[in-house]
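Residue numbers start from 1 in every chain, and the chains themselves are labelled A, B, ... in the order their sequence lines are given, proteins ahead of strands.
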Amino acid sequence: MLRPLPPLKHPGMTTTLRIASWNINSVRFRIDIVERFLRDHGPDILCLQETKVVDEQFPEGAFRQLGYNHIALNGQPMHHGVAIISKVPLHNRTAEDWQANGEARHVGVEVAGSFRLENVYVPAGGEAPDFTDGSKFRQKLDFVGRMTEWSRALNKPTILTGDFNIAPLETDVWSHKQLVNVVSHTAVEIEALDKLQATANWVDLARQFIPPEEPLFTWWSYRAQDWETSNRGRRLDHMWVTPDLLDKAVSHVVHKPVRNWGKPSDHIPIVTEFRL
DNA sequence: ATGGCTGGTAGAACCAGA
């Protein structure tokens with residue numbers, strides 16, 4: 001049972017809450033640009049993926065100095081790892097293992113009695129869309145399948161954000177034709193994501209604010225000589241909400257300039273503002 | 001059609017990313 005929590009707001013008052021998600025590709029290596037982002041944009045909550053650090057070595061001090069005193073971690077050595085960093089209290093931390101292999105790819109919390117916040121790092125899925133048992137692609141589909149079962153049982157207002165590693169719309173990739181058989185944009189992945197989305201009528205907030213006809217990316221490969229000119233991006237990072245939170249969302253921004261900061265991640269931060 | 005780059009950890013002719 002969830003224990004009762006102090007309300008975030010007084011009756012009749014609205015509270016603005018800005019929630020960010022960012023695949024940081026090593027929080028220790030990139031702590032300088034994380035701090036810069038928090039100073040420049042000051043979200044109330046930051047969800048990180050690919051922190052690449054065990055919990056004991058997570059750079060909590062850097063966040064506490066900036067007023068982020070509430071931290072929920074799920075890390076492991078070397079790879080993966082997720083974290084929720086917050087100015088407001090976090091409760092009832094959970095960590096699901098949707099790949100059933102012990103990898104640290106999810107952490108969830110309850111925020112001030114108002115809603116649950118679920119931060120996920122879906123597996124990339126390997127080089128090729130190969131269905132053989134134990135392939136990375138198979139594992140990715142299994143992961144989304146277990147998320148789907150989890151989603152069916154939800155009964156609270158929920159924000160689901162993170163690096164989904166799937167770009168569902170044709171305008172979510174630089175070339176639908178050229179990526180149709182590339183992992184992240186295959187029909188079978190999109191079908192699995194659609195199925196997950198249908199279980200709780202999840203709303204894809206980015207596409208509420210940026211029309212689906214408009215190309216929108218959150219990731220550009222390190223391998224391009226000039227990522228901005230070639231612009232071979234994909235929209236892999238998402239902010240979904242259950243329908244009860246849809247009319248609380250007032251903006252959604254994709255912070256593209258961050259891709260040009262020093263020692264950048266290949267993903268950029270996304271930020272949604274809520275009025276609760 | 002291919003390869004291009006990145007960080008962590010071990011000390012790799014690695015792994016994982018996507």
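For the C1' atoms, the distance from B:dG17 to B:dT9 is 15 Å, rounded to whole Å. Here, B:dT6 and B:dA10 have their P atoms 22 Å apart, quoted to the whole Å. With C1' as the reference atom, B:dG7 and B:dA18 are 15 Å apart, rounded to whole Å. The separation of B:dC15 from B:dG11, taken at their P atoms, amounts to 12 Å, rounded to a whole angstrom.
Of the candidates B:dA18, B:dG8, B:dG7, the closest approach to any side-chain atom of A:Arg28 belongs to B:dG8. Checking B:dG8, B:dG4, B:dG7 against the side-chain heavy atoms of A:Met78 singles out B:dG8 as nearest. Candidate nucleotides B:dG17, B:dA18, B:dG7 were compared by shortest atom distance to the side chain of A:Lys52, and B:dG7 ranks first.
We find that CH2 of A:Trp174 is positioned 14 Å from C1' of B:dA18, with the value rounded to whole Å. The nearest whole Å value for the distance from the CD1 atom in A:Ile33 to the P atom in B:dT6 is 13 Å. Put simply, CZ on A:Arg232 is 11 Å from C1' on B:dG3, counting in whole angstrom units. Atom CZ of A:Phe29 and atom P of B:dG7 are 4 Å apart (whole Å). Between the CD atom of A:Gln57 and the C1' atom of B:dT9 there is a distance of 11 Å, rounded to whole Å. Separating the CG atom of A:Leu179 from the C1' atom of B:dA1 is a distance of 15 Å, rounded to the nearest angstrom. The CG atom of A:Asp237 sits 15 Å away from the P atom of B:dG17 (whole-angstrom rounding). As rounded to whole Å, 15 Å separates atom P of B:dG7 from atom OH of A:Tyr121.
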**Request:** Please lay out, stage by stage, how A:Trp174 and A:Phe217 fare under the test ring pair (Phe, Tyr, Trp, His ring centres under 6.0 Å).
**Result:** CA-CA 8 Å; A:Trp174 63 275; A:Phe217 310 142; 8.8 Å; no

**Request:** Could you walk me through whether A:Trp227 and A:Tyr222 pass the ring pair (Phe, Tyr, Trp, His ring centres under 6.0 Å) test, one step at a time?
**Result:** CA-CA 7 Å; A:Trp227 71 273; A:Tyr222 283 123; over 10 Å; no

**salt bridge (Lys or Arg N to Asp or Glu O under 4.0 Å) assessment of A:Lys140 paired with A:Glu189** = CA-CA 9 Å; A:Lys140 180 181 195 174; A:Glu189 289 167 273; 2.6 Å; yes

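OP1 or OP2 of B:dG17 sits under 4.0 Å from a side-chain N or O of A:Arg105. When the side-chain nitrogen and oxygen atoms of A:Lys136 are compared with OP1 and OP2 of B:dA16, one or more of them lie within a distance under 4.0 Å. Look at A:Asn23 and you'll find a side-chain N or O under 4.0 angstrom from OP1 or OP2 of B:dA18. For A:Asn25, no side-chain nitrogen or oxygen approaches OP1 or OP2 of B:dG7 to under 4.0 Å. The phosphate of B:dA18 has OP1 or OP2 within less than 4.0 Å of a side-chain N or O from A:His267. Side-chain N/O atoms of A:Ser221 include none lying less than 4.0 angstrom from OP1 or OP2 on B:dC5.
If you find the closest nucleotide of DNA chain B to A:Gln76 and to A:Ala224, the one lying nearer the 5' end belongs to A:Ala224. DNA chain B is contacted by both A:Tyr222 and A:His80; A:Tyr222 maps to the nucleotide lying nearer its 5′ end (nearest heavy atom per residue).
Note on A:Glu127: a base of the nucleic acid sits closer than 4.0 angstrom, heavy atoms only.
Pairing for B:dG8 goes to B:dC14, judged as Watson-Crick or G-U wobble with the two contacts each under 3.5 Å.
With hydrogens and angles left out, the side chain of A:Arg223 and the base of B:dG17 share a donor-acceptor pair within 3.5 Å.
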Which donor-acceptor pairs under 3.5 Å do the side chains of residues 251-258 of chain A make with protein atoms, sequence neighbours left out?
residue  : atom : partner  : partner atom : Å
A:His252 : ND1  : A:Thr272 : OG1          : 2.7

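The aromatic ring centroids of A:Phe63 and A:Phe58 lie less than 6.0 Å from each other.
Salt-bridge check for A:Asp32 with A:Arg36: failed, with every basic side-chain N at 4.0 Å or more from each acidic carboxylate O.
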